[in-house]
Amino acid sequence: MLDVKFIRENPELVRQGLINKNSQDIVDEIINLYEKRRTLIAKTEELKAKKNKVSAEIPKLKKAGKDTSNIFAEMKQVGDEISQLDGSLKEVEDNIENILRSTPNIAHESVPVGKSAEENVEVRRWLPEGFSFDNDFKVLDHVELGKKLKLLDFERGTKIAGSGFPLYTAKGATLERALINFMLDVHLQKHNYTEIMPPVLVNRDSMKGTGQIPKMEEDMYFIEKDGLYPIPTAEVPITNIHREEILSEKDLPIKYVGYSPCFRREAGSYGKDSKGFLRVHQFNKVEMVKFSFPENSYEELELMVKDAEDILQALKIPYRILMLCTGDLSFSAAKCYDIETWSPAENKWLEASSCSNFESFQARRANIRFKREANKKTEFVHTLNGSGLATSRLMVSLLENYQTPEGKVIVPKVLQKYTGFEILD
RNA sequence: GGAGAGGUGGCAGAGUGGUUGAAUGCGGCGGUCUUGAAAACCGUUGUAGUCUAUGGCUACCGGGGGUUCGAAUCCCUCCCUCUCCGCCA
């Protein structure tokens, strides 16, 4: 949620920011509503002050045996007036709230302006030693490898649940679990995150807090009977850990990492990238979440990207980093890097991670604040999160990059102690 | 699923329809005492909105609504938590 005061003080900057994000310009409307609100508050509070003052006098008058019936009549009228004004005020405030909740964050100044994904900027790439984009044998794609080596069974997954619900079997399941454990261990031991195992169903307030609701509601599963949402990412429960809290200065920065399955309806995206793992309704992800001081959240973002890169370098999987342009940024993000891993069979890069700084956008929605020792005033923290990483796309790249000409797959060295085997055959 | 209890400040825990933003205790912060510390004592200690702003005013006792001149206190409604029983990984 954007800050009304910030909008008021920087109308042109916000206006341009919203245009850059392909969003509706709500600046003038908000400013008008805000002025309306202030006028109403002034009026209603004046009456309330009067009411309180008179109310305090009444017991004294009664004690003195005076007649209070005129006062009662007068105050009755004041009371009616107040409730009328309060009604209008609530209307205006709801209006402001609704508009702001549906308005996206604006991008950081370092983000390139652009309309769509085509204008994202590659900032760097990393290729393992000896890597080549050309293979001297015919590479199999992950679906073929999964079938041949009995690692993945998409048909039976479909039978059990539906299309897009992968079934991992035998060594495929073990490899998946190994990946998750390996990634968690690196973040815990090397990068000093605190491990979280969150609920995978969350309530509506949590979904609102991180910004999935109202704009993305169609993409979420929803269990109507209990009013709960299966999480689309662990970002939701983990960021909401500190919803409605005031943290102290010494708590920050907070770095959490957690594994969870993720559930996405992917409504309207059928037919696009639908093969195998490329777009699924359920996948596994290790998620990093940070709560940071406002002044260094961008340094924290860079560090978070490096934390994710560390995993890929250890696995020796080729990847590149994109800085998303303004038009491709998600609703809540102010800046975002995507990490894409190479798929030799698809002959393209696949998004395996997304690391974002939301600045105070989520914190304001979820009311996550902190207080500095020297200062009485509370401030909103900055929240960040990033996949570290999602296993499905990563698994595609892993299987395809590690395949041998015979159609077997070598287990990456660092995973071998987790899998207990060195080759998938 | 059945029965009951309850939601009050960082925590614990009072609370009468009328100077209750809220007793008391603990914790936190500041101070006195002390070589230092503890103890003791004194003081202080919520969040937000708004304004003609080293101050004033308003709101907040789970959420929403109602009764009343006046509601933490009465009524309605929703939500949540806990205990016991049943079922169960």
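Heavy-atom basis, side chains included; hydrogens, waters and symmetry copies ignored. Within every chain, numbering begins at 1; the chains are lettered A, B, ... in the order of the sequence lines, protein sequences first and strands thereafter.
- Ion pair A/R15/A/D28 flagged as a salt bridge, since at least one NZ, NE, NH1 or NH2 atom sits closer than 4.0 Å to an Asp/Glu carboxylate oxygen.
- Under a 4.0 Å N-O distance rule, the pair A/E379/A/R372 qualifies as a salt bridge.
- In summary, A/K36 and A/E91 do not engage in a salt bridge, as defined by a charged side-chain N under 4.0 Å from a carboxylate O.
- Within 4.0 Å (heavy atoms only), A/R204 reaches no atom of the nucleic acid at all.
- In secondary-structure terms, RNA chain B builds stems of at least 3 consecutive Watson-Crick or G-U pairs, each pair having both distances under 3.5 Å, at B:1-7 with B:79-85, B:10-12 with B:24-26, B:27-32 with B:40-45, B:46-51 with B:55-60, B:62-66 with B:74-78.
- Residue-level contact check: A/T378 touches the backbone only, with heavy atoms under 4.0 Å from sugar-phosphate atoms and none from bases.
- Ranked by how close their nearest RNA chain B nucleotide is to the 5' end, A/I246 and A/M75 are led by A/I246.
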Identify each atom pair where a protein N or O and an N or O of nucleotides 19-23 of chain B are less than 3.5 Å apart, giving names and distance.
none

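- A salt bridge links A/R204 with A/E217: the closest approach of a Lys/Arg side-chain nitrogen to an acidic carboxylate oxygen falls below 4.0 angstrom.
- Nearest to the side chain of A/I58, among B/U50, B/G46, B/C69, sits B/C69.
- Mapping A/Y34 and A/K50 onto RNA chain B via the closest heavy atom, the residue that lands nearer the 5' end is A/Y34.
- Comparing B/G7 with B/G63, their P atoms are spaced 13 Å from each other, to the whole Å.
- Checked against the 6.0 Å centroid criterion, the rings of A/F154 and A/F277 qualify as a close aromatic pair.
- Within 4.0 Å of A/K5, counting heavy atoms only, lie sugar-phosphate atoms of the nucleic acid but no base atom.
- Taking the centre of each ring, A/H382 and A/F291 stay at or above the 6.0 Å mark.
- Comment: A/E97 does not engage A/K90 in a salt bridge, judged by the lack of any side-chain N to carboxylate O separation of less than 4.0 angstrom.
- Test A/S356, A/S110, A/S297 against A/K335 for side-chain hydrogen bond (donor to acceptor under 3.5 Å, both in side chains) and you get one pass: A/S110.
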